[in-house]
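Here the structure comes first, spelled out in structure tokens, and everything after it is commentary.
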Amino acid sequence: MKPHRLIVLGASNVAKSLEVLLNVAPQMVPKPLEVYAAIGRGRSYGVASKFLFRGLPGILESELWPVLEKRNREAETSCVITDVGNDLLYDQSVDQIIDWVEQCIIRLRQTEGRIAITGIPLSCVRSLAPYKFKAFRTMMFPRSRLQLQTVQERAEALDVRLQQLANDDDITFIPQKPEWYGFDPIHWKQARRPEVWHTILSALGHPAFNYADVRSSFFHSMRHWLTRPATRTLFGLKQTKVQPSIQRGAHLTVALY
């Protein structure tokens with residue numbers, strides 16, 4: 001039986017909703033299913049990042065890419081690029097972020113799979129109160145001195161550029177729905193995460209199903225907090241882990257990078 005492969009690139013939204021994805025994807029994507037995820041809270045597409053005491057390489061520098069080159073090229077593949085706006089808070093320019101995304105697209109195209117790119121949550125960015133932005137910036141990106149107006153302007157420009165990438169036939173652009181967000185301006189609501197993943201996978205051509213019974217809770221968002229990726233640093237010490245690090249029966253594996 002031909003395997004199916006799901007490649008996901010992203011940051012906090014994917015890390016928080018990974019368990020939800022692992023409950024939604026097997027309902028839509030034929031099995032056996034191999035998930036390859038270069039993700040992580042605070043993850044950057046192009047530079048090393050830290051969250052609390054954990055460090056990760058940029059997605060482009062992760063071990064995902066050499067692994068994909070060695071894997072079965074006959075596998076049916078779907079690809080997701082999300083959380084692109086995360087790099088705005090690292091004071092990266094729109095041109096730089098788009099360059100990183102384009103490099104990812106070039107590599108993903110070698111799998112011959114369709115690609116979905118999610119946009120920027122512009123409704124949240126436009127209506128974000130200065131006090132909330134400052135509190136969020138201090139908590140999540142303590143070294144950042146970016147001003148809200150700068151982030152808003154760059155977010156608008158970045159979303160336009162991401163839509164332009166989707167002019168190619170193998171790329172689908174998915175706008176972020178305002179109802180996916182709440183008080184937190186950049187993370188999907190817990191209750192909406194099944195809908196988000198259903199929307200993304202449907203856009204990649206996978207058949208719909210009734211996702212109303214898929215659970216999403218705080219426990220789900222924390223379930224894989226301690227699951228090790230292939231490479232990371234913890235308190236400055238390098239750690240490695242043979243992948244896949246998650247296996248559900250004989251038909252679902254998850255490799256984290």
Side-chain angles (χ1 to χ4, degrees), residues 3-26 29 31-73 75-84 86-87 90 100-101 103-104 107-108 110-111 113 140-141 187-188 193 197 200-201 216-257:
H4 284 71
R5 182 169 48 190
L6 177 61
I7 303 169
V8 185
L9 313 180
S12 297
N13 273 314
V14 188
K16 285 172 170 284
S17 64
L18 180 59
E19 181 63 20
V20 175
L21 172 60
L22 299 186
N23 288 323
V24 171
V29 184
K31 297 182 280 291
L33 174 59
E34 301 172 355
V35 178
Y36 297 83
I39 62 175
R41 290 165 171 80
R43 195 79 182 259
S44 166
Y45 272 80
V47 297
S49 60
K50 288 186 177 181
F51 182 78
L52 299 178
F53 305 107
R54 187 269 296 134
L56 291 170
I59 289 174
L60 281 168
E61 302 303 320
S62 72
E63 295 183 21
L64 168 69
W65 308 107
V67 168
L68 288 179
E69 290 181 358
K70 299 175 183 176
R71 289 294 187 266
N72 186 356
R73 292 183 179 272
E76 295 287 343
T77 302
S78 300
C79 310
V80 179
I81 298 175
T82 190
D83 289 331
V84 177
N86 209 50
D87 274 300
Y90 287 119
W100 288 337
V101 172
Q103 290 184 56
C104 290
R107 298 180 188 186
L108 291 174
Q110 296 179 14
T111 70
M140 298 294 296
F141 302 89
H187 295 126
W188 302 323
R193 290 169 188 168
W197 283 115
I200 292 172
L201 296 179
S216 178
S217 66
F218 176 77
F219 169 76
H220 288 94
S221 68
M222 297 299 293
R223 180 165 183 176
H224 300 291
W225 175 260
L226 298 178
T227 305
R228 290 189 188 182
T231 302
R232 72 178 181 185
T233 60
L234 193 65
F235 295 99
L237 300 176
K238 184 177 181 179
Q239 295 181 335
T240 60
K241 171 75 173 178
V242 175
Q243 300 296 315
S245 57
I246 303 171
Q247 183 155 356
R248 302 279 174 84
H251 300 295
L252 175 62
T253 61
V254 184
L256 301 176
Y257 297 96

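Atom set for the values below is all heavy atoms of this structure, side chains included, hydrogens, waters and symmetry mates excluded. Just so it is clear, the structure is predicted and the values come from calculations on it, not from any experiment.
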Show the nearest heavy-atom pair for residues [X] and [Y], with the distance to one decimal.
| X | Y | result |
| --- | --- | --- |
| Ile59 | Ala38 | CD1-O, 3.7 Å |
| Pro229 | Leu56 | CG-CD2, 3.9 Å |
| His224 | Leu22 | NE2-CD1, 4.1 Å |

I'd like to check [X] versus [Y] (side-chain heavy atoms, cut-off strictly below 4.5 Å). Are they in contact?
| X | Y | result |
| --- | --- | --- |
| Thr82 | Asn13 | no |
| Lys16 | Arg41 | yes |
| Val8 | Trp197 | yes |
| Leu68 | Arg5 | yes |
| Asp83 | Val14 | yes |
| Leu60 | Cys104 | yes |
| Val47 | Trp100 | yes |

message: Evaluate Val80 against Ile7 for side-chain contact (heavy atoms from CB on, under 4.5 Å), listing each step before the verdict.
response: CA-CA 6 Å; Val80 179; Ile7 303 169; over 6 Å; no
message: For the residue pair Glu63 / Thr231, report whether a side-chain donor-acceptor contact shorter than 3.5 Å exists.
response: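 A pair is found: one side chain offers a donor N or O, the other an acceptor, under 3.5 Å apart.
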message: Under a plain distance cut-off of 3.5 Å, with no hydrogens placed, do His4 and Glu34 share a side-chain donor-acceptor pair?
response: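 On atom types as modelled, these side chains do not qualify, holding no pair under 3.5 Å.
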Main chain of [Y], side chain of [X]: is a donor-acceptor contact present, judged purely on distance under 3.5 Å?
| X | Y | value |
| --- | --- | --- |
| Asp87 | Tyr45 | yes |
| Ser12 | Gly42 | yes |
| Ser245 | Gln243 | no |
| Asn86 | Ser44 | no |
| Tyr36 | Trp65 | no |

Spatial distance of atom [atom1] ([X]) from atom [atom2] ([Y]) [nearest 0.5 Å]:
| X | Y | atom1 | atom2 | answer |
| --- | --- | --- | --- | --- |
| Ile246 | Thr253 | CD1 | OG1 | 9.5 Å |
| Arg107 | Glu69 | CZ | CD | 8.5 Å |
| Arg232 | Leu237 | CZ | CG | 11.0 Å |
| Leu21 | Ile200 | CG | CD1 | 8.5 Å |

task: Evaluate side-chain contact (heavy atoms from CB on, under 4.5 Å) for Leu9 paired with Leu64, printing each intermediate quantity in order.
output: CA-CA 10 Å; Leu9 313 180; Leu64 168 69; 3.6 Å; yes
- request: Go through the steps to decide whether Leu252 and Val35 satisfy the test side-chain contact (heavy atoms from CB on, under 4.5 Å), and finish with yes or no.
  value: CA-CA 8 Å; Leu252 175 62; Val35 178; 4.0 Å; yes
- prompt: Can Glu76 and Lys31 be said to form a salt bridge (charged side-chain N to carboxylate O under 4.0 Å, His left out), step by step?
  reply: CA-CA 10 Å; Glu76 295 287 343; Lys31 297 182 280 291; over 6 Å; no
message: One thing to verify: whether Arg43 and Glu61 come together as a salt bridge, which I'm taking to mean a side-chain N less than 4.0 angstrom from a carboxylate O.
response: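 Here Glu61 does not pair with Arg43 in a salt bridge, since their nearest N and O are not under 4.0 Å apart.
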- request: Using the six-membered ring of Trp188, assess whether NZ or CZ of Arg193 lies under 6.0 Å from its centre and within 45 degrees of the ring axis.
  value: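 Negative - Arg193 is either too far from the ring of Trp188 or too far off its axis.
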Verdict with supporting geometry, Leu18 and Leu256, side-chain contact (heavy atoms from CB on, under 4.5 Å): CA-CA 11 Å; Leu18 180 59; Leu256 301 176; 4.1 Å; yes
